[in-house]
There are 2 protein chains.
Amino acid sequence: MARAAEILGAAADLFHTRGYHATTMDDIAQAVGLKKGSLYHYVTAKEVLLRTLAEETIRGYLADGERIAAEDGSATERLGRVIEAHVRRLCDAPERVTVLVRESHYVPEDLAAEVRGMTHRYNHLVADLIAAGIDAGEFQPTDPAVAALMLLGALNWAHRWYQADGRLTPAEIGSQFARTFLDGLRKRGE
Amino acid sequence: MARAAEILGAAADLFHTRGYHATTMDDIAQAVGLKKGSLYHYVTAKEVLLRTLAEETIRGYLADGERIAAEDGSATERLGRVIEAHVRRLCDAPERVTVLVRESHYVPEDLAAEVRGMTHRYNHLVADLIAAGIDAGEFQPTDPAVAALMLLGALNWAHRWYQADGRLTPAEIGSQFARTFLDGLRKRGE
DNA sequence: AGAGTTCGACCGACCAGTCGGTTGAAGGGG
DNA sequence: CCCCTTCAACCGACTGGTCGGTCGAACTCT
């Protein structure tokens, strides 16, 4: 693996388990078998490390979302696919999500624009999908923005409890999420 | 207001907006019109401040939950009441929830037992309510633990987006949460 | 007087980031 | 085959600054 990616991965793991502030650059260096001084050969600043992690992470979710939203199918089908893709991606690298949701608050303002923008677009994408389902008569009328926030909260919360060696597979979790949430939105009596 | 409570409140606000680590004891002192040295007349350590905040917060949610769970009514009704109470409490002091969910990770292990215990009990309480609803035939069969985590994720996420001067009142948000989530669990065709 | 409260100077630990210097592999010329 | 140069990778000692926490003196109110 390329050194830069290796460092990013180690940082994500450490930020996840210890937290961003409790992790020193020495810790990260040690995790990849370097000394702190050498780390700065690859990394310009700790804050940039955090920013890069957050950015890479949200970019993946957004890419999935945009791809799926543009596919064929009813709003119900596409939203279900977004949910399952989200869970799959989260379970694949929960530590990245931790960094994004718990630590990205510490990305300094001037570095955070991209992250904020993509997050906003992802929220919007989900809300739009819900709004489309309401318009199409698939879902009962409700506030799409709140429904989207509700869904994303439920999904992202999983980074706090998902365990790779747990009782359920990512696919099982994904389908339970999709079933329950889509049932919650669906128009009754059809 | 008692000085101690005032300090706690100021700390919660600062931890919410700047984050625990980016907040100095000087900041907190200034917010309550004291100097740092004087703060230590009321507070034994910054970490204890954080622990106390987290503990007080989760204690409130747990107390609501236990009270409601013991009330009369179907699982559906009681779960609905828990959801609405949770939203009400969250909207009343979103900064406390921020501290609990984003920062309580930094409470040192030896001070965290109480917080962890109450959090666990709250999760369990919600899962039990869902399990009861399934047993009673109100809800369709599903994994109660995952459903509880899903619900609590959706609820707690609100601390990230709720704004007191926003479009919707806490009551409106609460009822949308309850409606959507209970519909998601409810047995179809009745 | 004296208990409760406040202050501000101070300390010590910690840590991000710097910098001068070392090493070893790759390449090139003779 | 060997010497010389170059350069990326790496090291470790150091620094500058920050911040949690301490302490004794001073002030205030009764």
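Residue numbering restarts at 1 for every chain, and letters A, B, ... go by the order of the sequence lines.
Under a 4.0 Å N-O distance rule, the pair Arg88(B)/Glu84(B) does not qualify as a salt bridge. With respect to the salt-bridge test (charged N to carboxylate O, under 4.0 angstrom), the residues Arg51(B) and Glu47(B) do not qualify. Using a 4.0 Å cut-off between a side-chain N of Lys or Arg and a carboxylate O of Asp or Glu, Glu71(B) and Arg78(B) do not qualify as a salt bridge.
Taking atom CG on Leu39(B) and atom C1' on dC19(D), their separation rounds to 13 Å, with Å as the unit. Atom-to-atom, CD of Gln30(A) to C1' of dA16(C) comes out at 16 Å; the value is rounded to the nearest Å. Rounded to a whole Å, the NZ atom of Lys46(A) is 19 Å from the P atom of dG17(D). Rounded to an integer number of Å, the gap from Leu50(B) CG to dG20(D) C1' is 14 Å.
Taking every heavy atom of both residues into account, Phe177(B) and Ala154(B) meet most closely at CE2-O, 3.4 Å.
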Worksheet entry | Base versus backbone protein contacts along nucleotides 6-11 of chain C [heavy-atom cut-off under 4.0 Å; B, S, -] | BBB---

Fill in: Reading 5' to 3' through nucleotides 24-30 of chain D, protein heavy-atom contacts under 4.0 Å coded B for base, S for sugar-phosphate only, - for none
-------

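Near DNA chain D, defined here as any heavy-atom distance below 4.0 Å, the residues from residues 18-26 of chain B are Thr23(B), Thr24(B), Met25(B), listed numerically. Contacts between residues 103-113 of chain B and DNA chain C, defined by a heavy-atom separation under 4.0 Å, are absent.
Among pairs with a residue in residues 151-174 of chain A, those fulfilling salt bridge (charged side-chain N to carboxylate O under 4.0 Å, His left out) read Arg167(A)-Asp143(B), at least two apart in sequence or across chains.
Within the 3.5 Å criterion, the main-chain N or O of Thr57(A) finds no donor-acceptor partner in the side chain of Arg89(A).
In terms of the salt bridge (charged side-chain N to carboxylate O under 4.0 Å, His left out) criterion, Glu103(B) has no residue partners (sequence neighbours excluded).
For Gln30(B), the CD atom sits in a loose shell: 12 or fewer heavy atoms of surrounding residues, nucleotides or ligands are nearer than 6.0 Å. The number of heavy-atom neighbours closer than 6.0 Å to CD of Gln176(A), taken from other residues, nucleotides and ligands shown, is above 12. Taking a 6.0 Å sphere around NE2 of His21(B), one finds it holds more than 12 heavy atoms contributed by other residues, nucleotides or ligands.
Between Tyr20(B) and Phe15(B), the ring-plane angle classifies as perpendicular under the 30° and 60° cut-offs. A perpendicular orientation is assigned to the rings of Tyr122(A) and Tyr61(A), their planes being inclined by more than 60° (bins at 30° and 60°).
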Item to complete: Kindly indicate, with the supporting measurements, whether the criterion side chain to side chain donor-acceptor pair (under 3.5 Å) is fulfilled by Thr180(B) and Asp183(B).
Response: CA-CA 5 Å; Thr180(B) 303; Asp183(B) 278 356; over 6 Å; no

